[in-house]
Amino acid sequence: MVDKDDFQCDFENKWCPGCGNFGILNAMKQALADLEMPPEKVLIVSGIGQAAKTPHFLKCNFFHGLHGRALPVATGAKTANRDLNILVNMGDGDCYGEGGNHFISAIRRNIDVTLLVHDNRIYGLTKGQASPTSERGFVTRLQPHGPRSDPMNPAALALSQGAGFVARGYVGNREHLTGLIKQGIEYSGFALIDIMQVCVSFNRVNTYEWYAERVYDANRAGHDENDFRAAMNLVFEDKEKIPTGLIYRKQTVPFSDRLGRPGPDALLREKYNPDKVQNLIDSA
Amino acid sequence: MVDKDDFQCDFENKWCPGCGNFGILNAMKQALADLEMPPEKVLIVSGIGQAAKTPHFLKCNFFHGLHGRALPVATGAKTANRDLNILVNMGDGDCYGEGGNHFISAIRRNIDVTLLVHDNRIYGLTKGQASPTSERGFVTRLQPHGPRSDPMNPAALALSQGAGFVARGYVGNREHLTGLIKQGIEYSGFALIDIMQVCVSFNRVNTYEWYAERVYDANRAGHDENDFRAAMNLVFEDKEKIPTGLIYRKQTVPFSDRLGRPGPDALLREKYNPDKVQNLIDSA
Amino acid sequence: MGIDVTVKIGGQAGQGIQTVGELLAAACHESGLYLHGINDFESRIRGGHSFMQLRISDSPVQAPDHRVHLLVALNERTLDTHRSELAAGGLVLLDSESERSDTSVLCVPVTKLARDAGGAIMANTVAAGACLALLGAPAESIKAVLKAQFLDKSESVLENNLKAAKSGAKAVEGIQFDRAFKWPESRPAGKLLTGARMLALGALAADCRFAGFYPMSPATGIMANLAEFEDRLPLVVEQAEDEIAAVNMAIGASFAGVRAMTATSGGGFALMTEGLGLAGITETPLVVINSQRPGPATGLPTRTAQGDLRFVLHAAQDEFPRFVFAPDSLDSAFEIMIRSFDLADRYQVPVIVLTDQYFNDSIAITQKPLEAPSAIERFVVDDADMDDSGEYRRFAVTESGVSPRALPCEGRALVMVSGNEHQEDGHISEKVSDRIGQMNKRHRKLSGMEKQIRPPRADNPDSSVLLAGWGSTAGAIRESAELLRAEGIDAGAVCFTDIWPFPAKETAALLDKCSRFYMVEQNFSAQLGWLIAERTGRKFHQAIVKYDGRPFFPDEIARRVKAFEEGANG
Amino acid sequence: MGIDVTVKIGGQAGQGIQTVGELLAAACHESGLYLHGINDFESRIRGGHSFMQLRISDSPVQAPDHRVHLLVALNERTLDTHRSELAAGGLVLLDSESERSDTSVLCVPVTKLARDAGGAIMANTVAAGACLALLGAPAESIKAVLKAQFLDKSESVLENNLKAAKSGAKAVEGIQFDRAFKWPESRPAGKLLTGARMLALGALAADCRFAGFYPMSPATGIMANLAEFEDRLPLVVEQAEDEIAAVNMAIGASFAGVRAMTATSGGGFALMTEGLGLAGITETPLVVINSQRPGPATGLPTRTAQGDLRFVLHAAQDEFPRFVFAPDSLDSAFEIMIRSFDLADRYQVPVIVLTDQYFNDSIAITQKPLEAPSAIERFVVDDADMDDSGEYRRFAVTESGVSPRALPCEGRALVMVSGNEHQEDGHISEKVSDRIGQMNKRHRKLSGMEKQIRPPRADNPDSSVLLAGWGSTAGAIRESAELLRAEGIDAGAVCFTDIWPFPAKETAALLDKCSRFYMVEQNFSAQLGWLIAERTGRKFHQAIVKYDGRPFFPDEIARRVKAFEEGANG
Ligand SMILES: Cc1ncc(C[n+]2csc(CCOP(=O)(O)OP(=O)(O)O)c2C)c(N)n1
Ligand SMILES: Cc1ncc(C[n+]2csc(CCOP(=O)(O)OP(=O)(O)O)c2C)c(N)n1
Ligand code: SF4
Ligand code: SF4
Ligand SMILES: [Mg+2]
Ligand SMILES: [Mg+2]
């Protein structure tokens with residue numbers, strides 16, 4: 001039996017008190033414990049930012065790489081070893097800004113990882129610039145009149161490119177979020193969980209109160225996650241109401257099954273065969 | 001009066017005989033002539049690839065930059081001088097592959113340029129690898145079993161991120177294409193024209209014949225370009241029928257009007273004011 | 001010796017350490033004192049440990065001192081961590097409600113006093129008031145500073161803060177502090193600025209009109225300072241989706257005709273290298289600031305380094321002319337920014353300005369007036385300058401290597417530009433003659449560019465031992481040479497701001513006069529030292545390198561040089 | 001002197017010039033001859049002008065010859081462009097239905113003959129047949145080659161082609177060609193391969209299992225060759241969305257435990273530099289091939305250059321150990337690929353292999369057998385190797401600088417890796433002690449790495465004049481030294497394959513024996529020359545550089561050296 005506390009780690013947490021990231025961290029631990037995945041069977045790949053520090057704060061294997069580049073690293077790792085259980089933690093700037101191109105490609109590859117985007121609508125670690133999900137008019141020191149770009153719609157983008165698992169969570173609803181993470185991990189293929197995370201230090205607009213007034217559970221409100229059109233409508237809903245939950249799910253062929261490998265063995269596990277290689281070279 | 005032939009240029013065309021790019025080139029010339037835009041008032045920004053060579057083959061000002069990076073260059077140029085009429089020519093690999101992140105951002109900025117994507121579903125200049133729009137199963141030397149990624153849906157992506165002008169053209173319908181390009185240029189904001197272009201040298205699947213059997217004029221078939229839901233449905237239509245035409249159009253605020261400049265003057269045209277600068281420095 | 005006092009304020013991130021430092025700095029500045037302050041913080045927003053270290057003097061100072069005379073400890077950890085740095089006669093001011101037996105630790109209930117004055121948030125003001133009183137500052141000095149600080153806040157905020165400052169001062173009344181001094185009553189010696197702000201002001205003075213950027217420490221501050229002026233000048237600062245976009249936007253803006261820049265740090269610069277080459281082959285003027293921090297990769301995001309010199313010299317495939325500058329002081333940063341935009345335009349080349357976290361985040365006082373140029377020369381042509389605009393060739397082969405630059409759609413002349421190798425009119429060409437013609441043309445600019453290069457500044461160049469370095473560490477290096485001289489070692493300093501094209505002749509001539517020279521650099525391998533070896537054949541005697549992310553102290557350099565010298569002579 | 005004949009086949013892109021060349025090459029190869037062939041083409045798919053130039057010899061050849069003995073002109077333009085290259089007694093075979101008075105131009109209606117044989121598409125076969133006949137090849141030689149070529153095509157295709165070849169041979173019957181020679185009847189001397197294919201085979205032999213890439217000339221060929229083997233080996237070749245993804249995927253795959261690589265050219269390498277640094281600080285084994293082409297930016301996409309040496313040496317912010325190798329022949333490419341993967345694993349560092357368009361696209365014949373290693377050592381540990389897997393520290397400080405590397409999720413030991421500076425267990429750290437500890441640890445690897453470096457190969461090292469170069473140009477340099485010797489100049493060659501860590505001592509020792517040395521490089525500034533100056537203090541006498549995108553000819557080097565030598569002595 002795996003317990004949430006098995007993920008307890010001594011390394012000092014460096015987030016601000018009250019940061020929404022704690023909620024995600026806890027939900028992750030709970031989800032992993034519920035799924036009976038012990039720390040040594042979990043690999044977390046992350047980018048750079050406050051969100052991307054997540055793996056330092058729970059016991060697991062991790063690769064904390066470059067800003068924006070977690071998804072290609074995860075893709076390479078999963079390709080090398082399909083037995084890996086990979087979670088990816090990224091910030092909104094990390095994933096949708098610097099990493100935007102990889103985000104599209106991860107969807108199209110249907111790489112079988114669970115992507116948790118800590119979407120606080122701000123660049124936290126670099127002290128408060130607008131992020132791709134910041135609304136117009138969101139004033140920062142660097143955007144004195146707010147960003148000039150319309151905000152990105154990550155769920156709509158994912159749906160538009162054929163993603164098979166699209167969910168939206170909120171750090172204020174821990175249990176609900178835990179459930180989404182579990183479903184994401186269990187999903188075979190690319191699972192996006194865009195998580196509304198609250199940055200108490202730099203985002204004075206999208207606060208816990210702000211979300212509390214807007215967030216609702218779409219599935220409970222009758223949304224059918226199997227209905228693509230309904231999902232599309234949902235992600236374009238009036239901004240005054242923010243649907244959370246499982247927006248869309250369909251069966252897909254994960255990247256690991258697209259590799260054209262002869263058997264179920266991970267690439268990593270195959271034996272080097274000098275005779276075969278020599279033969280191939282000789283006849284090349 | 002501007003004539004199509006005013007764009008005639010002596011520089012040797014380097015495309016293959018029969019290449020679909022000629023159709024785009026001609027449509028562009030016609031559109032510019034129809035709009036009374038002389039060569040010296042046209043700036044073409046392009047990436048790298050066969051498509052991106054376009055500006056070399058008609059008379060105009062041009063900046064033929066890096067693979068994937070035409071949109072940021074165009075954004076900088078337009079910001080510096082809002083009086084510029086900018087067309088952007090890119091390949092599908094160029095725009096949706098290497099340049100994917102800039103594509104998303106150009107939509108979100110609503111940068112007022114007309115983007116022509118020569119979408120031949122292949123990397124032409126590099127001799128035939130799968131592109132982001134190649135279908136699964138599209139075999140190349142580098143993709144012996146076809147690409148492992150699902151094809152990108154550019155029009156759906158543009159719609160999902162709030163693009164105000166989304167069109168699809170086909171090189172086989174020159175006049176129709178010319179019309180779309182004209183509307184794109186006249187549109188105030190970011191205009192995407194995804195153009196089905198035929199690569200006769202490397203793409204043996206998506207040929208003129210192949211398209212001829214599938215392409216139809218959606219607007220003529222009753223599609224209302226003002227209807228967002230209808231547009232969304234259209235871009236997910238069964239792949240055996242390919243709708244062309246103006247998929248979606250709505251009024252938007254172009255990037256040039258988001259700069260917060262005090263007057264209509266281009267940044268470029270303002271005079272340097274040493275006293276004002278000195279004052280600002282002194283009081284800084 | 002005049003006034004030379006170092007105050008260090010330490011605590012958790014989020015405790016407002018910087019505010020204390022800034023209040024002190026402003027007070028010193030107002031009184032006509034000089035100062036130099038460094039900022040040390042972790043890559044986190046709250047908690048951890050950070051400090052600001054302020055060196056106050058009555059003559060210009062350009063480096064931090066390793067000895068602390070007054071340690072303001074906003075928590076116990078600060079005391080533990082920095083107590084050993086205390087100079088003889090030094091004092092600790094600890095935020096504590098209980099007393100200590102240790103006489104060097106002065107316990108002041110800073111937070112409590114703040115609460116009494118109206119709110120714990122004013123702990124900074126209490127601490128600043130106490131510090132200033134200890135340093136012997138006249139009571140009014142803090143008033144002016146607080147007034148300026150709370151100009152646009154309500155009356156009551158100011159009043160509470162004045163009260164807080166006073167209570168801080170009161171709490172230390174009667175304490176004799178060895179390092180208290182008589183405060184001058186002169187006017188500010190110069191402007192009090194961070195390096196980042198100075199770089200922004202330099203860009204303004206150079207008529208920079210477009211900045212594309214992607215946030216990255218320690219460069220973000222430059223852009224934040226620039227963005228402040230967007231409404232008042234023809235200037236657009238645009239946050240890009242990534243660094244690749246940032247540099248390509250700047251190139252696009254420059255191509256279209258406005259002066260344009262970007263600023264980043266090493267990792268972002270890595271992503272910009274392809275764009276740098278594009279500026280090179282398209283001969284588009286471009287200014288890129290690379291504010292260094294320790295790497296590789298994410299490294300130490302909030303620390304300082306000089307590890308990217310060799311990288312920026314050779315960044316991007318193949319070869320093209322570029323300038324590389326590294327300011328060694330606030331004044332030189334202002335000048336270098338103006339020169340950079342000017343030279344970028346004049347030679348149609350990219351210019352890289354190398355700074356670092358230490359430079360960007362430190363505060364100091366300018367020594368020269370900051371003068372905006374009376375006019376900006378743009379080095380562009382239009383139809384009127386041409387015999388036949390139909391024959392205009394953007395990349396005409398010229399003797400100087402510089403071709404007449406017209407702007408797109410600003411006349412009848414067509415401006416055609418390609419990042420492929422091209423013929424003179426800008427169309428792609430694969431011909432041997434065009435390739436050689438254009439490569440030679442581009443590289444011919446180097447002879448003009450070399451003439452723009454200023455030789456390294458040499459202090460006591462006739463010394464038998466020279467300490468050589470570049471950029472931000474110059475202040476520490478020069479002071480360390482002075483320290484060595486004071487100890488009887490015949491030492492001088494040679495500090496570079498203009499690094500490429502490399503001033504080989506002047507450097508060789510300088511170095512030939514000494515018996516041996518040391519490289520002093522904030523990187524692992526002594527990168528400039530090897531560049532000097534490459535370009536002059538002169539090999540450094542020893543490298544004094546530091547790569548832990550913390551700035552050099554003059555004393556530290558002097559000690560290390562001395563150890564080698566004693567070894568050499570003993 | 002034995003056989004040394006150069007055949008050049010020129011025409012438009014799309015005319016199948018390469019097919020002619022490949023048929024000839026295969027025929028020569030089958031007869032036990034040696035050869036070296038270069039491919040010259042424009043960045044377009046149809047039209048324009050391109051050629052293949054094949055040098056045939058009975059002893060190993062490693063460079064093209066500047067004299068053409070047989071020019072196969074598939075169009076008039078080829079004749080006009082290359083006629084001047086014809087050696088004395090040389091012949092032109094022109095595809096033409098009309099005759100010429102010029103006796104050196106032999107008009108053969110190649111296309112017409114092909115049409116007669118069954119289709120214009122077989123013009124290549126006709127031309128090949130004619131060439132072989134002119135060269136005196138036995139009639140059967142082409143048969144075997146065609147049979148192999150059309151193995152999986154229908155009988156009739158083969159038959160038609162045999163007919164076409166025969167009609168080509170017939171058309172030149174009776175023509176006396178000065179350079180015809182007696183064909184040996186031995187077996188293939190080695191394998192006939194392009195450089196690109198050899199790099200792929202080297203990767204296979206090294207047990208490379210993952211390749212991430214983004215198409216870019218001239219590197220694409222390496223990946224195309226590798227992808228061919230995907231179904232037969234544990235190997236995945238994945239086309240990425242861009243080069244940044246490509247390198248990060250390779251890093252991810254390597255981290256997870258398989259040998260991984262990427263290949264690109266300069267512009268793509270520029271985009272990979274940040275990833276290179278990530279491999280550096282995370283100590284993830286990584287092999288990156290940078291196949292150079294002229295820049296800056298897009299430059300000349302289908303041409304050759306050696307302009308990226310300095311760039312790859314310093315690419316990425318800050319400093320970390322890396323290997324840089326540059327194969328100088330097919331054999332060395334195979335060996336270097338195996339060594340690269342091995343050394344990347346052994347030292348947990350990135351390895352950069354520098355090739356270029358000339359190397360990748362040329363064909364030649366191997367001289368050594370290509371032997372797959374009997375076993376692959378992976379230098380990884382697992383729980384069984386540890387006293388306590390709970391205490392495993394990925395970045396443990398060791399004397400060699402190499403820490404035990406475990407794989408993620410392959411045991412109880414947690415593998416924690418960060419691109420930030422870190423403590424031994426992999427967690428982020430900003431502590432001075434961790435920073436210095438890890439920087440020193442990483443750099444300590446250099447002493448082990450230096451021992452793996454092979455000194456440059458020296459031919460006639462005791463000569464008074466040495467010609468130095470690196471990588472693909474070695475063949476031309478060595479031959480040029482031979483040419484100089486034949487003309488009475490005491491010349492030798494020093495060619496580097498192992499460039500970093502730089503073999504300074506060996507190089508200095510070698511160079512100290514000569515009176516002067518010349519650098520021979522395909523870049524503007526003689527980059528290796530300056531590196532030698534930096535690292536050894538030895539300065540080259542003159543630089544023989546070529547940067548027009550075309551490969552060096554031995555004669556060209558020899559002539560230029562001779563001119564300097566005559567100047568020096570006259
Ligand atoms: C290439 C590169 N560019 C920029 C940075 C600086 N940087 C670090 S974190 C960050 C953004 C943080 O925002 P986000 O991704 O939303 O994460 P958060 O901190 O809000 O969780 C940036 C721009 C970097 N490390 N690398
Ligand atoms: C950074 C970089 N990567 C790769 C290339 C090589 N390259 C040139 S064109 C091209 C793709 C061409 O395909 P596409 O964009 O679809 O244009 P097309 O030729 O099909 O019109 C590539 C990969 C490059 N020039 N620069
Ligand atoms: S800055 Fe914001 S996102 Fe970062 S740790 Fe603090 S509260 Fe959380
Ligand atoms: S390769 Fe294809 S896209 Fe390129 S010019 Fe030829 S036909 Fe057109
Ligand atoms: Mg964020
Ligand atoms: Mg294409």
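The figures that follow rest on heavy atoms only: side chains count, while hydrogens, waters and symmetry mates do not. Just so it is clear: chains get the letters A, B, ... in the order the sequence lines come, proteins before strands, and each one is counted from 1.
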Which answer fits D:F524, side chain, backbone, both or neither, if we ask what part of it has an atom under 4.5 Å from a heavy atom of chain C?
both

Relative to chain C, which of [options] shows the most heavy atom pairs under 4.5 Å?
{"options": "D:K431, D:E42, D:R535", "value": "D:R535"}
{"options": "D:R538, D:M439, D:R435, D:R293", "value": "D:R435"}
{"options": "D:G299, D:G268, D:P294", "value": "D:G299"}
{"options": "D:K539, D:R550, D:Q306", "value": "D:R550"}
{"options": "D:M272, D:Q292, D:E421, D:R310", "value": "D:R310"}
{"options": "D:T302, D:I532, D:L271, D:T536", "value": "D:L271"}

Do the ring planes of D:F540 and D:F517 sit parallel (below 30°), tilted (30 to 60°) or perpendicular (above 60°)?
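Judged by the thresholds at 30° and 60°, the geometry between D:F540 and D:F517 is perpendicular.
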
C:Y547 versus chain D, the contacting section by heavy-atom distance below 4.5 Å
both

Counting only non-hydrogen atoms closer than 4.5 Å, does C:I244 touch chain D with its backbone (N, CA, C, O), its side chain (CB onward), both, or neither?
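Only the side chain of C:I244 comes within 4.5 Å of chain D.
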
For the candidates [options], which exhibits the highest count of non-hydrogen atom pairs separated by less than 4.5 Å from chain D?
{"options": "C:S433, C:A297, C:G537", "result": "C:A297"}
{"options": "C:S525, C:A316, C:P301, C:G48", "result": "C:A316"}
{"options": "C:G307, C:G277, C:G419", "result": "C:G419"}
{"options": "C:P296, C:A305, C:A270, C:G266", "result": "C:P296"}

Spacing of CG belonging to C:L300 relative to OG belonging to D:S429, to within rounding of 0.5 Å
8.0 Å

Between atom CZ of C:F552 and atom CD of C:Q522, what is the distance when rounded to the nearest 0.5 Å?
5.0 Å

Is it true that the side chains of C:Q527 and D:E319 contain a donor and an acceptor less than 3.5 Å apart?
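Judged by distance alone, the side chains do pair up.
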
C:Q357 side chain to C:D361 side chain, donor-acceptor N/O pair below 3.5 angstrom
yes

D:R303/C:D318 salt bridge by N-O under 4.0 Å criterion:
no

Pairing of D:R44 and C:E430 as salt bridge, 4.0 angstrom limit
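The answer is no: the pair does not qualify as a salt bridge.
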
Please name the residue in the list D:T304, D:D356, D:T355 that meets the side-chain hydrogen bond (donor to acceptor under 3.5 Å, both in side chains) test with D:S291.
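Only match with D:S291 under side-chain hydrogen bond (donor to acceptor under 3.5 Å, both in side chains): D:T355.
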
Kindly state each residue pair satisfying side-chain hydrogen bond (donor to acceptor under 3.5 Å, both in side chains) with at least one member in residues 264-277 of chain C, sequence neighbours excluded.
none

